[in-house]
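Here is the structure we will look at, set down as structure tokens.
Nothing here was measured: the structure is a model prediction, and the numbers come from that model. The sequence lines fix the lettering, A, B, ..., with proteins before strands; numbering per chain opens at 1.
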Amino acid sequence: MERHPSVKTVSYERDYDPYSIKRDKELEDFFNEADINVRTFGTHVLYEPTQVLEKNGGVAPLTYQGFLKVVNKLGKPGFPIPPPTKLPGFFDLQKILNCNEGIEFAGPNKTFDVPAIQELGFETPLYRSPHHGGESVALQMLDKYFLDKTKVLTFEKPNTSPAAFDPASTTVLSPYVKYGCLSVRLFYQRLMDIYRNQSHSKPPVSLEGQLFWREFYYTAGYATPNFHRMEGNPICLQTNWRLKEKDDVDEEASKHLEAWRDGTTGFPWIDAIMNQLRQEGWIHHLARHSVACFLTRGDLYISWERGAEIFEYLLLDADYFLNFGNWLWLSASAFFHQYFRVYSPIAFPKKYDPEGNFVRKYVPQLSQFPKKYIYEPWKAPLEVQRKANCIIGKDYPKPIVEHDVIV
DNA sequence: ATGGAAGTTGTTGGA
DNA sequence: ATCCAACAACTTCCA
């Protein structure tokens, strides 16, 4: 790295995961060495983990209610900072940096365009997600969702359907918050604008509560060494999962993991969710619950770390703290311990989508199946399967395990 | 300190 | 339709 003579100050946003902490520390050492001022800000959270820890005697609250008590003591979160009225453009930058030659980081068109994925050396992806990035898109989505004030005021997560699509039942703003297209502080203030003088749902299930869940995991994850692993993680239950290590040799478990990832478990609800995830990069929170429970304690008994790795790769909104925190939760390894509350891949979706429309969309082989068998097609008589143009075991897989007889 | 209550959002079967 | 108890590999918190 080299210092450009006109650079006097560098500003950046503080980050809290182990990779970012290490990276920022190295950069800061370099800047100090080069006599460059460093200014950092912590505004992509409502409360910085350090603040919460300090208020709670140096330890992270491990229950949501405990977390709420601490942030109540901290008072209202900070306001978003208004956007700058003016930013230097390309030619200004050239002037400021006093360089005449084309700046290589301006891209092939010298316009700071986002390069195509192929230019970065990746293959053309199999799927094209319907979710598009950017701040303008995020703000439009926020406006649109907030048009229905009753929906916002009465929002209760367990009452939003994981089977809804076009439109989804929740905001789908998580990828934008993750990448900084939408400030969580702006989201919070816009929400407060609607809450003001109105009765509204409350945490943990409310929309406000969802933002606090994010904060909860940030604090817990920041305070916990090896948060993303079982080994060496002091809050994680030590369990003898299958595929506990990435390179463990267990042929059957590896096949099960692939089937889970590829949506070929033979459980339509699970497969539909995983297909939506691979194709679109976003799935509803309760859909995440369903497949995470299925992979770990519910059915396949495979390590939550394997699931978290796949989620991290496939999710547009993958966030270190939220992803690993939720996997700890769903596998009943930390935060949540009522292992006997297992999501059924049959009974659970029936509550939200008795017609099976979600399955029909994301597992098209089953689109003609009668609703009676849509979540357990292996039970359909052969005559029914023929009529639906889908023979189980040929056109769609038989279930890889029996849900009821997991030990 | 120790026992009871609570813990984001389970399922089943019965009244 | 709605509520409730039972199921029964738990852990944390707090009075």
Crowding at CD, A/Q118 (>12 non-hydrogen neighbours, <6.0 Å):
yes
Does A/Y127 OH have over 12 foreign heavy atoms under 6.0 Å away?
yes
Integer-rounded Å distance: B/dT11 P and A/F294 CZ:
14 Å
Check whether A/D353 reaches the backbone of A/P349 with its side chain - one donor and one acceptor, N or O, closer than 3.5 Å.
no
Watson-Crick or G-U stems of DNA chain C, 3 or more pairs, under 3.5 Å, by first number
B:2-7 with C:10-15, B:10-15 with C:2-7
Below 3.5 Å, does any donor atom in the side chain of A/H285 face an acceptor in the base of B/dT8, or the other way round?
yes
What distance, rounded to whole Å, do you find between the two P atoms, one in B/dG7 and one in C/dA8?
24 Å
Taking CG from A/L211 and P from B/dT8, how many angstroms apart are they, rounded to a whole number?
17 Å
Neighbour count >12 (heavy atoms, 6.0 Å) for atom OH, A/Y19:
no
Cation over ring face, A/R14 and A/Y12, 6.0 Å, 45°:
no
When the distance from NZ of A/K350 to P of C/dA1 is rounded to whole Å, what number comes out?
15 Å
Kindly check if the number of other-residue, nucleotide or ligand heavy atoms within 6.0 Å of CD (A/Q368) is above 12?
yes
Answer yes or no: does a side-chain N or O of A/K351 lie under 4.0 Å from OP1 or OP2 of B/dT11?
yes
Kindly state whether the ring of A/F216 and the ring of A/F321 have centres lying under 6.0 angstrom apart.
no
Using atom C1' in both nucleotides, what's the gap between C/dC7 and B/dG3 to the nearest angstrom?
22 Å
Expressed as a whole number of Å, how far does the C1' atom of B/dT2 sit from that of C/dA9?
23 Å
Could you write nucleotides 10-15 of chain C as a row of B, S and -, 5' to 3', where a protein heavy atom under 4.0 Å of any base atom gives B, of only sugar-phosphate atoms gives S, and otherwise -?
BS--S-
Pairwise side-chain contact, A/W304 with A/F324, heavy-atom cut-off 4.5 Å (strictly under):
yes
Distance under 6.0 Å and angle within 45° of the ring axis: does A/K350 meet both against A/Y375?
no
In whole Å, I'd like the distance from the OH atom of A/Y343 to the P atom of B/dT8.
12 Å
Using atom CH2 of A/W329 as one end and atom C1' of B/dT8 as the other, report the distance to the nearest whole Å.
6 Å
Rounded to whole angstrom, note down the P distance from B/dA1 over to C/dC10.
24 Å
Can you tell me the distance, in whole Å, between the CH2 atom of A/W269 and the C1' atom of B/dT11?
16 Å
Can you check the distance between C/dT2 and B/dT8, where both ends of the measurement are the P atom (answer in whole Å)?
26 Å
Applying a 4.0 Å non-hydrogen cut-off, can you work out what A/F348 is touching in the nucleic acid: base, sugar-phosphate, or nothing?
sugar-phosphate
Do A/F358 and A/W269 make the cut of ring centroids closer than 6.0 angstrom?
yes
Please report, rounded to the nearest Å, how far the P atom of B/dG10 is from the NE2 atom of A/H403.
13 Å
Look at all strands and tell whether A/Q65 reaches a base, only sugar-phosphate, or nothing, counting heavy atoms closer than 4.0 Å.
sugar-phosphate
When the distance from CG of A/L322 to P of B/dT8 is rounded to whole Å, what number comes out?
15 Å
